[in-house]
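It should be emphasised that the depicted structure is a prediction, and the values quoted were computed from it without experimental measurement.
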Amino acid sequence: NKKLKGETRLMKRLKTLLHSGLIGISIGMICLAVNVLLSLNNQRIGIEKAQLSFISFLIWLVVSFLIGLSFNLSSWIFDNDKWSLREQIIINFFVCFVAWILFYFLLNDLSYTWQSFGIAVLNFVVVYVIAYGRYLYNLWLDIKHINEQLKKKG
């Protein structure tokens, strides 16, 4: 029975990782679309002339999945009860930030400029606020629900 519980926990974790990877892909594809549209505007050409190689698309797809996984894995920081929520958020932020920057520069052939770094930081903050804003909102709803249940019992 213990083995079955362990396998069930593992399957649940794998399902969560897959879900996070797919969310990463969806966010990554939105970022890719925005980047393509911004590059079109800079080049003053129409959207019908936009081109993206299949390899570039696959790289974005894989890296987006990996970013989703890294966000999920970094959420394990919230399982540490020894840290306050503020400490958990700060540590999580920097763990995710380092992963994001590495992925970002990997996508851009490790080329680095202060402008590209600023863009990477801005992109990260937007994605982080979306991802963890949703997480904290769900946490707040869970706490609200628990408090309502406690009031009914008390």
Side-chain angles (χ1 to χ4, degrees), residues 1-39 42 50 52-150:
N1 196 15
K2 252 185 177 181
K3 185 178 179 182
L4 183 60
K5 284 183 182 180
E7 288 175 5
T8 304
R9 197 174 314 136
L10 176 64
M11 290 305 292
K12 193 175 199 178
R13 194 65 187 155
L14 288 174
K15 182 179 173 184
T16 302
L17 286 171
L18 178 63
H19 185 254
S20 296
L22 294 174
I23 289 172
I25 287 173
S26 64
I27 292 171
M29 292 302 106
I30 292 169
C31 290
L32 177 62
V34 169
N35 284 339
V36 168
L37 290 175
L38 288 176
S39 71
N42 291 340
L52 179 67
S53 74
F54 182 70
I55 297 299
S56 294
F57 177 76
L58 283 179
I59 290 171
W60 266 89
L61 198 67
V62 169
V63 170
S64 297
F65 185 83
L66 292 174
I67 288 172
L69 288 180
S70 70
F71 268 60
N72 181 283
L73 294 174
S74 66
S75 72
W76 290 357
I77 291 168
F78 292 106
D79 293 341
N80 186 344
D81 295 334
K82 295 176 187 173
W83 296 331
S84 70
L85 183 59
R86 180 182 303 141
E87 290 170 322
Q88 290 172 337
I89 291 171
I90 290 169
I91 292 167
N92 180 273
F93 179 89
F94 284 106
V95 167
C96 290
F97 180 73
V98 168
W100 181 273
I101 294 299
L102 290 173
F103 289 133
Y104 184 86
F105 287 111
L106 177 68
L107 279 176
N108 293 303
D109 299 324
L110 300 176
S111 63
Y112 169 79
T113 64
W114 284 108
Q115 181 182 2
S116 65
F117 182 75
I119 291 169
V121 170
L122 182 64
N123 286 340
F124 172 75
V125 169
V126 168
V127 170
Y128 190 86
V129 166
I130 291 169
Y132 283 101
R134 181 178 170 264
Y135 170 80
L136 292 173
Y137 177 73
N138 286 337
L139 184 63
W140 177 77
L141 288 176
D142 290 344
I143 291 169
K144 184 178 173 184
H145 177 72
I146 290 168
N147 285 336
E148 288 172 359
Q149 295 299 320
L150 289 172

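At a threshold of 4.5 Å between non-hydrogen side-chain atoms, the residues Q88 and L85 count as touching. Between V127 and I130 there is no side-chain heavy-atom pair separated by less than 4.5 Å.
One distance of note links CG of D142 with OH of Y137; it measures 11.0 Å at 0.5 Å rounding. Here the straight-line distance linking atom OG of S84 with atom CD1 of I90 works out to 7.5 Å at 0.5 Å rounding. If you take OG1 on T16 and CE on M11, they are separated by 11.0 Å, rounding to the nearest 0.5 Å. Once rounded to the nearest 0.5 Å, the distance linking CG of L150 with NE2 of H145 reads 10.0 Å.
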Identify every side-chain donor-acceptor pair in residues 63-70 under 3.5 Å, counting partners at least two apart or on other chains, and give the distances.
residue: S64; atom: OG; partner: W60; partner atom: O; Å: 2.6
residue: S70; atom: OG; partner: I67; partner atom: O; Å: 2.8

- Message: Checking F94 against V98 for the side-chain contact (heavy atoms from CB on, under 4.5 Å) test, could you report, in this order, the C-alpha distance in whole Å, the side-chain angles of both residues, the deciding distance, and whether it holds?
- Response: CA-CA 6 Å; F94 284 106; V98 168; 5.5 Å; no
- Item | Steps toward side-chain contact (heavy atoms from CB on, under 4.5 Å) verdict (I89, Y128) | CA-CA 11 Å; I89 291 171; Y128 190 86; 4.1 Å; yes
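Minimum heavy-atom separation, E87 to K82: OE1-O, 4.5 Å.
Counted within 6.0 Å of CD on E148, heavy atoms from surrounding residues, nucleotides or ligands total more than 12; the atom is thus considered enclosed.
Aromatic ring pairs are classed by plane angle as parallel below 30°, tilted from 30° to 60° and perpendicular above 60°; the pair F93 and F97 is parallel.
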